Amino acid sequence: MSPPPILLLKDIDLGDLNSLLFRYHLTLIISPLGQEIPGSFWGDEEAGLIQDQVYARLDTPVHSVFHESCHFVCMNQQRRSKLDTNAGGTATEENAVCYLQILLAAESSFICKNRMMQDMDSWGYSFRLGSAEAWFNTDAEETRQWLLKHRIVNETNNPTFNLRN
């Protein structure tokens with residue numbers, strides 16, 4: 001049995017996504033189909049990020065919106081204030097972004113952690129253990145500690161909805 005197609009924005013209630021993003025002071029802006037997505041580092045249907053605005057189209061994967069949003073959360077205020085397209089950051093921060101997007105899936109009404117990890121794998125995210133699930137469950141303690149240190153998650157591994165200071 002093949003995995004289901006990657007979940008796209010057109011498949012979910014955008015109001016629920018907006019409510020989740022609002023908790024991080026982010027605004028989702030939907031671009032018309034066929035038009036370039038502002039702030040998209042990778043182009044095509046990948047989400048874009050310019051300061052506190054996440055750009056997407058209805059054919060943008062949900063995981064892409066989560067990923068770009070988590071970059072905003074995990075970067076420091078200095079980078080956040082100048083943010084335009086390239087989130088930059090270290091490998092440690094990139095891991096934190098991936099970890100947080102998995103945790104946030106559990107906070108949403110439209111995608112669960114397992115579906116998020118499945119979509120990440122299907123899209124081509126690369127983890128040294130071969131899958132997002134294997135990495136998240138057995139090899140991400142250092143990443144969890146980074147998120148905890150920056151008060152992005154709490155001791156019970158739930159998002160705090162704080163931005164990194």
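Predicted, not measured: the structure shown is a model, and the values here were computed from it.
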Would you say [X] and [Y] make side-chain contact, with heavy atoms under 4.5 Å?
| X | Y | value |
| --- | --- | --- |
| V73 | L104 | no |
| V62 | I12 | yes |
| H25 | D52 | no |
| I102 | M117 | yes |
| F22 | N18 | no |
| W135 | T143 | yes |
| K113 | M116 | no |
| S69 | L100 | no |

Assess the side chains of S64 and E46: does a donor N or O sit below 3.5 Å from an acceptor N or O?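 Checked: S64/E46 side chains pair up, N/O donor to acceptor below 3.5 Å.
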
Just jot down the side-chain hydrogen bond (donor to acceptor under 3.5 Å, both in side chains) partners of N114, sequence neighbours excluded, or say none.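 Residues passing side-chain hydrogen bond (donor to acceptor under 3.5 Å, both in side chains) with N114: none at all.
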
Got a donor-acceptor contact below 3.5 angstrom from the [X] side chain to the [Y] backbone?
| X | Y | result |
| --- | --- | --- |
| R57 | L33 | no |
| Q51 | S81 | yes |
| T60 | E45 | yes |

Sequence neighbours excluded and cut-off under 3.5 Å, please list the side-chain donor-acceptor pairs for residues 87-96, or say none.
residue, atom, partner, partner atom, Å
T90, OG1, T92, N, 3.4
T90, OG1, E93, N, 3.0
E93, OE1, R79, NH1, 3.0
E93, OE1, R164, NH1, 3.0
E93, OE2, R79, NH1, 3.4
E93, OE2, R79, NH2, 2.7
E94, OE1, H71, NE2, 3.2
E94, OE2, H67, NE2, 2.9

Closest non-hydrogen atom pair between [X] and [Y], with its separation:
| X | Y | value |
| --- | --- | --- |
| L147 | Y99 | CD1-CD2, 3.3 Å |
| N165 | N76 | O-CB, 4.0 Å |
| D121 | A132 | OD1-N, 2.8 Å |
| I37 | G48 | CG2-N, 3.8 Å |
| P38 | S31 | CD-OG, 3.4 Å |
| V54 | A47 | CG1-CB, 4.4 Å |

I'd like to know whether I111 forms a side chain to side chain contact (heavy atoms under 4.5 Å, CB included) with F66, so could you lay out the CA-CA distance, the side-chain angles of the two residues, the decisive distance to 0.1 Å, and finally the verdict. CA-CA 11 Å; I111 190 169; F66 273 61; 4.2 Å; yes

What is the distance from atom [atom1] of [X] to atom [atom2] of [Y], rounded to the nearest 0.5 Å?
| X | Y | atom1 | atom2 | answer |
| --- | --- | --- | --- | --- |
| L17 | L28 | CG | CG | 5.5 Å |
| I50 | D84 | CD1 | CG | 4.5 Å |
| L163 | H150 | CG | NE2 | 13.0 Å |
| E155 | N157 | CD | CG | 9.5 Å |
| D59 | D11 | CG | CG | 10.5 Å |
| R151 | T160 | CZ | OG1 | 7.5 Å |

Using side chain to side chain contact (heavy atoms under 4.5 Å, CB included), reason through W146 and I152 one step at a time and then give a plain yes or no. CA-CA 9 Å; W146 187 94; I152 296 169; 4.0 Å; yes

In terms of hydrophobic clustering (I, L, V, M, F, W, Y; side-chain heavy atoms under 4.5 Å; direct or indirect links), are [X] and [Y] co-clustered?
| X | Y | value |
| --- | --- | --- |
| Y55 | F41 | no |
| L26 | V153 | yes |
| L14 | I29 | no |
| F127 | V97 | no |

Of all pairs that satisfy salt bridge (charged side-chain N to carboxylate O under 4.0 Å, His left out), the ones with a partner from residues 13-39, not counting sequence neighbours: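 Sorted pair list comes back empty.
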
Under the side chain to side chain contact (heavy atoms under 4.5 Å, CB included) test, residues paired with N158 that sit two or more places apart: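 Here the qualifying residues are E107, N154, T156.
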
What pairs with W42 under ring pair (Phe, Tyr, Trp, His ring centres under 6.0 Å), at least two apart in sequence or on another chain?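 Expected list: none.
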
List the residues meeting ring pair (Phe, Tyr, Trp, His ring centres under 6.0 Å) with F161, not counting sequence neighbours, and say none if there are none.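 Per chain and number, F161 pairs via ring pair (Phe, Tyr, Trp, His ring centres under 6.0 Å) with Y24.
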
